[in-house]
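Owing to the predicted nature of the structure, the values given are computational and were not obtained by experimental measurement. Lettering follows sequence order; numbering is per chain, from 1.
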Amino acid sequence: MITRFAPSPTGYLHIGGARTALFNWLLARQQGGKMLLRIEDTDRERSTDAAIAAIIDGMQWLGLTWDGDTIYQFARAGRHREVAEAMLAKGAAYKCYASAQELEEMRDLARKEGRPPRYDGRWRELGGTQAEADALAEGRKPVVRLKAPREGETVIQDKVQGEVRFPNKDLDDLILLRSDGTPTYMLAVVVDDHDMGVTQIIRGDDHLTNAARQTHIYQAMGWEVPAFAHIPLIHGPDGAKLSKRHGALGVDAYRAMGYLPEALRNYLARLGWSQGDREFFSTPDLIEAFSLDQVHRSPARFDYAKLENMNGQYMRATSDEALLAIFLETLPYLPNGEALAAQVDETKKAQLLRSMAGLKERAKTLVELADGANFLFAQRPLSYDAKATEILKPEAKAHLAALAPRFAALTDWTAAATEEVVRAYVAETGAKLGQVAQPLRAALTGRGTSPGIFDVIEVLGREEALGRIADAAA
RNA sequence: GCGCCCAUCGUCUAGCGGUCUAGGACGUCGCCCUUUCACGGCGAAAACAGGGGUUCGAGUCCCCUUGGGCGCGCCA
């Protein structure tokens, strides 16, 4: 089986495209086949190198590897033209001299008569006639159109949509070659998929009608039609196709939001595909379990809350060492992450690793993880957030002042030793543990939330911890 | 306008004619655990769009209505 992912580089790799790529990848891996990557850059106006780089970067981050060289569609224009010429030669295509204005009128008329706005095929049989000579004399440049069947229907056997029938009268003679001789998308896709040996096309269901039209091209060339699978688009919270206004961001944005690739893969796969009640699929499980006939036909809405929850579960399930590695790798992409990354040395790494167990339990994303780890990077004197300020009332400061010499007297700076100090203090004074622990937390982290406070004390080290306590007690 | 697709809790979904007083997950709300926040545990509220059929029996099959989506370029 050969699948392919064929994005047009007019923007970043958006989340819907990523899911399409994921499905192609999953199936190819499962079948021991190949997934090819083709960049559909025939729109010279809108295609950019930056977009190509973003797509490739996004796929790499998501771990969606493709086989063989990346194909650039524009580079194959000569071949596309050659196929159009062949179709012209065998009478499967014809030249059309209709002007933009004529086309406009045709569409208006069709609409008025309750028909789909289509080209009427007026140049179908005019090749070599006086009409063509006249058009040429006027200096008109023709487009090449497919001579599509007008009777009967075209049937698509779709792995997701099932059998879908289109009356041929509703499918017009699509343009193969523009008047400037460049190939259109319709022609290019078919030629490329054929030449690349693609056997299974998985793409968004916005292409479903294109499948029928493209089938006509395959048939005209006598080529085998690949299997189709048109998957529903991802929708935003309002049920409309996910677009920029919903924050349909590039996958790089999801990296910056601190999601793990494996969690995102799992979430994306489960969106519109299911196997019973099961929610969690590791990537190997996904490869094994994925199946097109369990892909739903109805579109699903993208839900950040569920993604976050899933991501949190993945983080917690990841070992401290592995999560640290991912964290450090991702840090430069996180908001303000570069500044933090610059401060990471062996000491910081060790502190992070030591804190990871407590940190990851409190974070649903790497951004939250970075936020939680902030106390390791903060410089004295700390700035306190609202919660910490609230905690550091006079009586809290009194506790800190009383505790400071007891900590200072410690010879053994460990979580256990400091905890013992605090417990003894609590027992003596009759204070509640929380009345002491919370001020410590505020003093040491500047927050109302952190990993276990005794772990924090140990990780920070004697000097830094005592300094922060003194700062807060003042 | 025309064509195609879709329709179970707010969201993702299970359900493939009787096991459905409709199950799970996220989210929401309670309670418990607890040094905070989390995590974890327990529990609650929450859905078969409507109407006709078919059938002994329909969330499950058919039709219509309604609602939503996608498509209809010398864009891809």
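Using N1 to N3 plus N6-O4 or O6-N4 for Watson-Crick, or N1-O2 and O6-N3 for G-U wobble, each under 3.5 Å, B/A44 pairs with B/U28. Base pairing analysis places B/U55 opposite nothing; no Watson-Crick or G-U wobble pair with both distances below 3.5 Å involves it. Nucleotide B/G3 forms a Watson-Crick or G-U wobble pair with B/C70, both donor-acceptor distances falling under 3.5 Å. In a base pair of the Watson-Crick type (N1 to N3 plus N6-O4 or O6-N4) or a G-U wobble (N1-O2 and O6-N3), with each distance short of 3.5 Å, B/A14 is matched with no nucleotide. Base pairing of B/A49 is made with B/U65, judged by Watson-Crick or G-U wobble geometry with both donor-acceptor distances under 3.5 Å.
Nucleotides B/A46 and B/G24 place their C1' atoms 14 Å apart, quoted to the nearest Å. Here the separation of B/C31 from B/A22, taken at their P atoms, is 27 Å to the nearest Å. Only the C1' atoms considered, B/A76 is 13 Å distant from B/G71, to the nearest whole Å. As rounded to the nearest Å, B/C12 and B/C70 have P atoms that lie 15 Å from one another. Between B/C61 and B/A7, the two P atoms lie 10 Å apart (nearest whole Å). Only the P atoms considered, B/C39 is 8 Å distant from B/G27, to the nearest whole Å. Spacing of P atoms, B/G15 relative to B/G52, comes out at 28 Å, to the nearest Å.
Between A/E464 and A/R468, at least one side-chain nitrogen of the basic residue sits less than 4.0 Å from a carboxylate oxygen of the acidic one, meeting the salt-bridge criterion. Using a cut-off of 4.0 Å between Lys/Arg side-chain N and Asp/Glu carboxylate O, A/D180 and A/K141 are scored as not salt-bridged. Using a cutoff of 4.0 Å between basic side-chain nitrogens and carboxylate oxygens, A/R79 and A/E82 are scored as salt-bridged. Ionic pairing of A/R278 and A/D285 is present here: one or more N-O contacts between side-chain nitrogen and carboxylate oxygen are shorter than 4.0 angstrom. The pair A/R140-A/E102 meets the salt-bridge criterion, since a charged nitrogen lies less than 4.0 angstrom from a carboxylate oxygen.
In this structure, A/M310 reaches neither bases nor backbone, as no heavy-atom distance under 4.0 Å exists between it and the strands shown. Residue A/A98 is in base contact, counting any heavy-atom pair closer than 4.0 Å across all strands shown. A/V164 comes within 4.0 angstrom of sugar-phosphate atoms only, judged by non-hydrogen atoms across all strands, and of no base.
Side chain A/T184 to base B/C74: no donor-acceptor pair is found below 3.5 Å. Taking 3.5 Å as the limit, the base of B/G23 and the side chain of A/D277 contain a donor-acceptor pair of atoms between them. At a cut-off of 3.5 angstrom, the base of B/U35 holds at least one donor-acceptor pair with the side chain of A/R441. Taking 3.5 Å as the limit, the base of B/C6 and the side chain of A/R297 contain no donor-acceptor pair of atoms between them.
For the pair A/L171 CG and B/G3 P, the computed distance is 13 Å after rounding to whole Å. Summarising the geometry, the separation between CG on A/D206 and P on B/G73 is reported as 15 Å, rounded to the nearest angstrom.
For the pair A/H296 and B/C6, the criterion of a side-chain N or O lying under 4.0 Å from OP1 or OP2 is not met. OP1 or OP2 of B/G27 lies within a sub-4.0 Å distance of a side-chain N or O belonging to A/N309. Taking only side-chain nitrogens and oxygens, A/T42 comes nearer than 4.0 Å to OP1 or OP2 of B/A76. Regarding contacts with the backbone of B/A14, a side-chain N or O of A/S274 is found under 4.0 angstrom from either OP1 or OP2.
Of the residues A/K95, A/R122, A/R124, the one that meets the salt bridge (charged side-chain N to carboxylate O under 4.0 Å, His left out) test with A/D173 is A/R124.
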